[in-house]
Amino acid sequence: MVHKNVLGMTKVGIYSLKMTKKDFVFIYAAGKNEAIQFYLKTFNQSPLNCHEYSLDYQLSRGYSAISFREMRKEFEIIPAIAGYFRREK
């Protein structure tokens with residue numbers, strides 16, 4: 001049953017895809033290739049790079065902090081865009 005994946009469970013990761021020199025998008029996907037394909041479909045261009053982040057990475061949202069693992073619970077469909085980041089420098 002485990003090898004046949006009867007329950008349809010898949011590992012989901014969080015990927016940072018570089019849009020421009022300063023702009024990044026975070027995408028939940030089952031793998032790096034799925035994240036890149038979703039990016040291509042959504043933005044009609046190739047990302048400059050793609051890196052996997054830890055689901056336990058903490059980021060600030062409003063006045064509190066949340067991990068990508070906790071934020072993942074807010075999404076029903078994967079792949080999905082978790083958010084955007086702009087580097088100041």
Side-chain angles (χ1 to χ4, degrees):
M1 281 179 43
V2 173
H3 295 295
K4 290 182 181 180
N5 196 14
V6 177
L7 297 176
M9 297 174 68
T10 57
K11 177 186 175 254
V12 173
I14 186 76
Y15 298 87
S16 170
L17 291 90
K18 191 172 187 177
M19 303 175 79
T20 65
K21 193 173 182 180
K22 293 183 177 185
D23 298 316
F24 300 83
V25 62
F26 291 97
I27 296 177
Y28 287 107
K32 186 176 185 175
N33 289 335
E34 184 179 63
I36 292 170
Q37 290 302 315
F38 183 72
Y39 182 94
L40 286 167
K41 181 180 162 191
T42 305
F43 299 105
N44 296 317
Q45 65 182 28
S46 296
L48 300 175
N49 64 29
C50 178
H51 297 286
E52 185 173 11
Y53 270 60
S54 169
L55 288 172
D56 295 319
Y57 184 83
Q58 296 265 327
L59 55 142
S60 61
R61 184 168 76 169
Y63 293 108
S64 62
I66 189 167
S67 71
F68 282 120
R69 186 178 307 280
E70 286 295 316
M71 191 186 304
R72 162 64 182 94
K73 297 173 185 174
E74 299 172 4
F75 296 90
E76 293 181 18
I77 299 172
I78 301 298
I81 295 174
Y84 298 90
F85 174 75
R86 173 169 273 170
R87 189 179 348 184
E88 294 299 321
K89 292 183 180 182

Q: What residue pairs, at least two apart or across chains, pass salt bridge (charged side-chain N to carboxylate O under 4.0 Å, His left out) with a residue in residues 16-43?
A: Asp23-Arg86
Q: What's the shortest heavy-atom distance between Val12 and Arg72, and which atoms?
A: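 So the two residues come closest at CG1-NE, 3.9 Å.
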Q: Of the non-hydrogen atoms in Arg87 and Phe24, which two are nearest, and what is the gap between them?
A: NH2-CZ, 2.9 Å
Q: Of the non-hydrogen atoms in Ala35 and Ala29, which two are nearest, and what is the gap between them?
A: N-CB, 3.6 Å
Q: In chain order, what residues pass the side chain to side chain donor-acceptor pair (under 3.5 Å) check against Tyr15, with sequence neighbours excluded?
A: none
Q: Any pair with a residue in residues 65-89 that passes ring pair (Phe, Tyr, Trp, His ring centres under 6.0 Å), sequence neighbours left out, goes on the list, sorted by first then second residue, please.
A: Phe26-Phe68, Tyr28-Phe75
Q: Among residues two or more places apart or on two chains, list those pairs meeting salt bridge (charged side-chain N to carboxylate O under 4.0 Å, His left out) that have a residue in residues 47-60.
A: Lys11-Glu52, Asp56-Arg69
Q: Restricting to side chain to side chain donor-acceptor pair (under 3.5 Å), what partner residues turn up for Glu70, sequence neighbours left out?
A: Lys73
Q: Which heavy atom of Ala30 sits nearest a heavy atom of Ile78, and at what distance?
A: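 Nearest heavy atoms, Ala30 then Ile78: N-CG2, 4.4 Å.
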Q: Below 4.5 Å, heavy atoms only, C-beta onward: do Ile14 and Tyr57 meet side chain to side chain?
A: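 Side chain of Ile14 against side chain of Tyr57, heavy atoms only: no contact under 4.5 Å found.
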Q: Kindly compute the distance separating CE (Met19) from CG (Asn49), expressed to the nearest 0.5 Å.
A: 12.5 Å
Q: Of all the heavy-atom pairs spanning Pro79 and Phe38, show the shortest one and how long it is.
A: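 Minimum heavy-atom separation between Pro79 and Phe38: CG-CD1, 3.5 Å.
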Q: Tell me the closest heavy-atom pair linking Ala65 and Gln58, and the distance in Å.
A: CB-OE1, 3.5 Å
Q: Could you identify which residues cluster with Tyr63, counting Ile, Leu, Val, Met, Phe, Trp and Tyr as linked when any side-chain heavy atoms lie under 4.5 Å apart, either directly or through a chain of such contacts?
A: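 Besides Tyr63, the hydrophobic cluster comprises nothing; the residue is isolated.
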Q: State the CD1-CG distance between Ile27 and Leu17, to the nearest 0.5 angstrom.
A: 4.5 Å
Q: How would you list, by chain and number, every residue that makes a side chain to side chain donor-acceptor pair (under 3.5 Å) with Glu74, sequence neighbours excluded?
A: Arg61
Q: Can you find a pair of side-chain heavy atoms, one from Ser67 and one from Leu55, that are under 4.5 Å apart?
A: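 Ser67 does not reach Leu55 side chain to side chain.
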Q: Measuring only between side-chain heavy atoms, which start at C-beta, is Tyr53 closer than 4.5 Å to Leu59?
A: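 The answer is no; the side chains never approach within 4.5 Å.
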